[in-house]
Amino acid sequence: MNSQNELSDGRERQPHIVIVDDDVRLRDLVSKVLVDEGWRVTGCRDGRALQTMLAAGPADIVILDVMLSGASGLEVCRDLRRVSNVPIIMLTAKSEETDRVVGLEMGADDYLGKPFSSRELVARIRALLRRASGLAGPPPAVTSRRYRFEGWTLDTVRRELTNADGVIIDLTTGEYELLLAFIEAPRRVLTRDQLLDLSRGRATSGFDRSIDVQISRVRRKLGAEEGETIIKTVRGAGYMFVPSVVRL
């Protein structure tokens with residue numbers, strides 16, 4: 001049986017990248033860079049065009065500008081996340097931390113401040129594609145593919161989180177990687193930088209609040225009160241995953 005990244009004749013399928021930006025010039029420039037990387041690229045001017053495109057076929061990554069005419073990129077991100085777990089990279093003004101934080105709250109997986117270099121954008125896309133395909137790093141030495149804690153089960157083959165009743169809880173790529181980073185280091189205090197390195201694989205400044213936003217989202221997925229006790233804030237140090245973890 002062919003993998004989802006393989007065509008019926010055995011050839012590797014081109015990743016499909018969608019750019020949502022009403023700046024035609026920027027959209028065309030970014031498209032050219034990504035096509036040169038060997039990816040298939042579709043440009044959309046707004047959220048409505050994105051919906052039409054996705055109805056016709058899936059995307060592997062959506063690059064979404066915050067500043068769109070009509071519905072904002074933040075609104076488009078929120079609406080898209082309600083129906084899809086496709087990885088989303090938000091394009092924001094470098095000085096607008098609020099946009100970055102709100103974008104992550106809405107379900108974005110990463111963000112990039114304008115102006116940005118094409119090399120950095122390509123690197124971010126490659127990282128998200130690796131994580132989405134389960135190739136973020138070398139395979140673990142252990143043969144276990146599932147982890148259980150406090151009645152929850154994380155299946156790393158299917159990339160699924162299920163609760164005690166067997167209900168699957170949807171996770172974005174960023175939420176999944178963050179939860180896995182915690183589960184693989186239970187009862188250890190992890191700093192924000194360590195968590196970013198483990199779950200997103202990129203350097204960050206001390207003012208980057210994205211990890212706090214992602215943790216807040218994971219806590220909500222685990223249940224408002226239960227999430228706070230599972231992932232504990234250690235003041236001045238970072239965060240700790242409190243439950244014991246069993247490999248299945």
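Along the sequence shown, residues carry numbers from 1.
Side-chain contact between I63 and L34: present, with at least one pair of heavy atoms (C-beta onward) separated by less than 4.5 Å. In this structure, D170 and E175 have side chains that are not in contact, with every pair of non-hydrogen atoms separated by 4.5 Å or more. A 4.5 Å side-chain heavy-atom check between V122 and R126 finds at least one atom pair inside the cut-off. P58 has its side chain out of reach of H16: every pair of non-hydrogen atoms, C-beta onward, lies at least 4.5 Å apart. Counting only heavy atoms from C-beta outward, the side chains of T233 and R219 approach each other to under 4.5 Å. L179 has its side chain out of reach of W152: every pair of non-hydrogen atoms, C-beta onward, lies at least 4.5 Å apart. For the pair L26/I19, no side-chain contact is recorded, criterion being any heavy-atom separation below 4.5 Å from C-beta on. Looking only at side-chain heavy atoms (C-beta outward), R159 and L171 stay at 4.5 Å or farther from each other.
E120 places no side-chain N or O within 3.5 Å of a backbone atom of S117 that could act as its donor or acceptor partner. Between the side chain of T156 and the backbone N or O of R145, at least one donor-acceptor pair lies under 3.5 Å. Judged by distance alone, with hydrogens and angles left aside, the side-chain atoms of Q51 form no donor-acceptor pair with the main-chain N or O of R48 at under 3.5 Å.
Cluster membership for I230 and M240, using ILVMFWY side-chain heavy atoms within less than 4.5 angstrom, is not shared. Both L222 and V167 are assigned to one and the same hydrophobic cluster, defined by single-linkage of ILVMFWY side chains at heavy-atom distances under 4.5 Å. Hydrophobic clustering keeps V20 apart from L29 (ILVMFWY residues linked when any side-chain heavy atoms are closer than 4.5 Å, directly or through intermediates). In the hydrophobic clustering of ILVMFWY residues, with side-chain heavy atoms under 4.5 Å counting as a link, I231 and V242 come out apart. With hydrophobic clusters built from ILVMFWY side chains whose heavy atoms lie under 4.5 angstrom apart, I17 shares a cluster with V35.
Closest approach of P186 to V245, counting heavy atoms only: CB-CG2, 3.8 Å. Counting all heavy atoms, side chain and backbone alike, L68 lies closest to A71 at CB-O, 3.5 Å. Listed here is the closest heavy atom pair of V86 and A59: CG2-O, 3.5 Å. Nearest heavy-atom pair across A108 and R217 is O-NH1, 3.2 Å. The two residues F149 and S244 have their closest heavy-atom pair at CB-O, 3.7 Å. Taking both residues in full, the closest heavy atoms of P87 and D60 are given as CD-O, 3.2 Å, listed atom of the first, atom of the second, then distance.
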Intermediate values then yes/no, side chain to side chain contact (heavy atoms under 4.5 Å, CB included), R247 and Y147: CA-CA 5 Å; R247 289 192 175 102; Y147 298 88; 3.4 Å; yes
Evaluation steps, side chain to side chain contact (heavy atoms under 4.5 Å, CB included), between R192 and D212: CA-CA 8 Å; R192 287 172 175 81; D212 302 302; 2.9 Å; yes
Verdict with supporting geometry, L80 and L54, side chain to side chain contact (heavy atoms under 4.5 Å, CB included): CA-CA 10 Å; L80 178 58; L54 291 176; 3.5 Å; yes
Step-by-step side chain to side chain contact (heavy atoms under 4.5 Å, CB included) determination, I125 to I89: CA-CA 8 Å; I125 291 172; I89 300 176; 3.9 Å; yes
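With salt bridges taken as basic N to acidic carboxylate O contacts below 4.0 Å, one links R81 and D109.
Atom NZ of K221 sits about 9.0 Å away from atom CG of L161, to the nearest 0.5 Å. To the nearest 0.5 Å, atom CG of residue D65 and atom NZ of residue K114 are 3.5 Å apart. Remark: L129 CG to I61 CD1 distance equals 4.0 Å, nearest 0.5 Å. Residue L64 holds its CG atom at 9.0 Å from CG of D21, rounded to the nearest 0.5 Å. The structure places CD1 of I169 at 14.0 Å from CZ of R220, a figure rounded to the nearest 0.5 Å. The distance from the CG atom of L190 to the CD1 atom of I215 is 9.0 Å, given to the nearest 0.5 Å.
Ring geometry, F241 versus F182: the interplanar angle falls under 30°, so the pair is classed parallel (tilted spans 30 to 60°).
When only modelled atom types and interatomic distance are considered, R27 and S31 share no side-chain donor-acceptor pair under 3.5 Å.
Within a 6.0 Å radius of CE in M67, no more than 12 heavy atoms belonging to other residues, nucleotides or ligands are found.
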